[in-house]
Enquirer: 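Encoded as C-alpha cells, here's the structure I'll be asking about.
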Amino acid sequence: MTEPAVDRMTLPRDGAVDEPSKTPEVAASASPVSHLSTSSSVDPRVEALVNDLIGRVADKWTMLILDLLAEKGELRFSQIGREIGTISQKMLTQTLRQMERDGLVRRTIHPVIPPRVDYRLTTLGLGLGEAFCGVWLWAEANLAAVDEARRRFDAAKTG
C-alpha cells in the first residue's frame, strides 16, 4: 500500500515566502547565487577547482581544522587532535595532508627528538576560511528558522 503524496511546502495564503513583500517568483529571481550557474564562459579548470574545494570544505574535519588554526594560529599535530577531540589520528593525518597538498596549511618539521610537527594556515587557507565565514554567520542568523523548518517537516512526516 502506498502513501498519498504530501505537499511538503505550504505557503501562507498571501503567497509570502520568508519576507512579506516577496512572492515566490520574486524571491526566486532575486537569488544571490543565480549568477553562479555554469555556462560555456566558465573555465573548466576553475569549475573543477570549485567543485573540489566545496567537497573538501564540506568535509567537517577540514572546516574544523580551518576554524581552529584561524583562531589559534600555529599548532602541533597533537594539539589539533586534542582541540578537535573526536577525530582519529588517521583521519587527522589524511585531512592535514590533503590540506597541505591544496596549499591550505604549511607543515613545519622541527629537527628535534621527539619530532615536532607544526601546522599553520597559509594565505590560501586564511582566504578560504574567510570565504566560508559567511556560512557560520548565516547559520547563526538562521538557526531558529532552520530548527522551525525541520520541526514542521518532521511533524508533517509523522503526522
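One-based numbering along the sequence shown. Computed from heavy atoms alone, side chains included, the values below leave out hydrogens, waters and symmetry copies.
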Enquirer: Return the OG1 to CD distance between T62 and Q94, rounded to the nearest 0.5 Å.
Expert: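 T62 OG1 to Q94 CD: 11.0 Å, rounded to 0.5 Å.
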Enquirer: So, taking the atom named CG in L143 and the one named CH2 in W138, what distance separates them when rounded to the nearest 0.5 Å?
Expert: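 Result: 9.0 Å between the selected atoms.
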Enquirer: Let me confirm one number: the CZ-CZ distance from R101 to R107, rounded to the nearest 0.5 Å.
Expert: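 Going from the CZ atom of R101 to the CZ atom of R107 covers 15.5 Å.
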Enquirer: Do Q79 and L68 have side chains that approach each other closer than 4.5 Å (heavy atoms only, starting at C-beta)?
Expert: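 Sidechains of L68 and Q79: no contact.
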Enquirer: If two hydrophobic side chains count as joined below 4.5 Å and joins carry through other members, does I109 share a cluster with Y119?
Expert: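 They do share one cluster, since a chain of ILVMFWY contacts under 4.5 Å joins I109 to Y119.
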Enquirer: Check whether any side-chain N or O of D43 sits under 3.5 Å from a backbone N or O of R45 as a donor-acceptor pair, and report yes or no.
Expert: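 Yes, D43 side chain to R45 backbone: donor-acceptor pair under 3.5 Å.
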Enquirer: Going by the side-chain contact (heavy atoms from CB on, under 4.5 Å) test, name the single residue among T122, L75, L126 that passes it with L69.
Expert: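 By the side-chain contact (heavy atoms from CB on, under 4.5 Å) criterion, L69 pairs with just one of T122, L75, L126: L75.
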Enquirer: Do you reckon L64 sits in the same ILVMFWY cluster as M91, going by side-chain contacts under 4.5 Å, direct or chained?
Expert: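 Same cluster.
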Enquirer: Considering only heavy atoms from C-beta outward, does the side chain of L137 approach that of E140 to under 4.5 Å?
Expert: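 In contact.
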Enquirer: Rounded at 0.5 Å granularity, tell me how far CD in E130 sits from CG in L66.
Expert: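 With rounding to 0.5 Å, CD (E130) is 11.0 Å from CG (L66).
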Enquirer: Does the pair D118/R116 count as a salt bridge with the N-to-O cut at 4.0 Å?
Expert: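 Salt bridge between D118 and R116, a charged N being under 4.0 Å from a carboxylate O: yes.
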Enquirer: If you round to the nearest 0.5 Å, how far is CD1 of I80 from CD of E74?
Expert: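 Answer for the CD-CD1 pair, E74 versus I80, is 9.5 Å.
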Enquirer: List the atom of L96, the atom of V105, and the distance in Å for their closest heavy-atom pair.
Expert: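 Taking every non-hydrogen atom into account, O-CG2, 3.8 Å.
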Enquirer: To the closest 0.5 Å, what do you measure between CG (D67) and NZ (K60)?
Expert: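 Going from the CG atom of D67 to the NZ atom of K60 covers 14.0 Å.
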Enquirer: Does F77 reach the side chain of Q89, with side-chain heavy atoms less than 4.5 Å apart?
Expert: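 F77 vs Q89: side chains touch.
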Enquirer: May I ask you to decide whether R97 forms a salt bridge with E100, counting only side-chain N to carboxylate O separations under 4.0 Å?
Expert: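 So R97 does not pair with E100 through a salt bridge.
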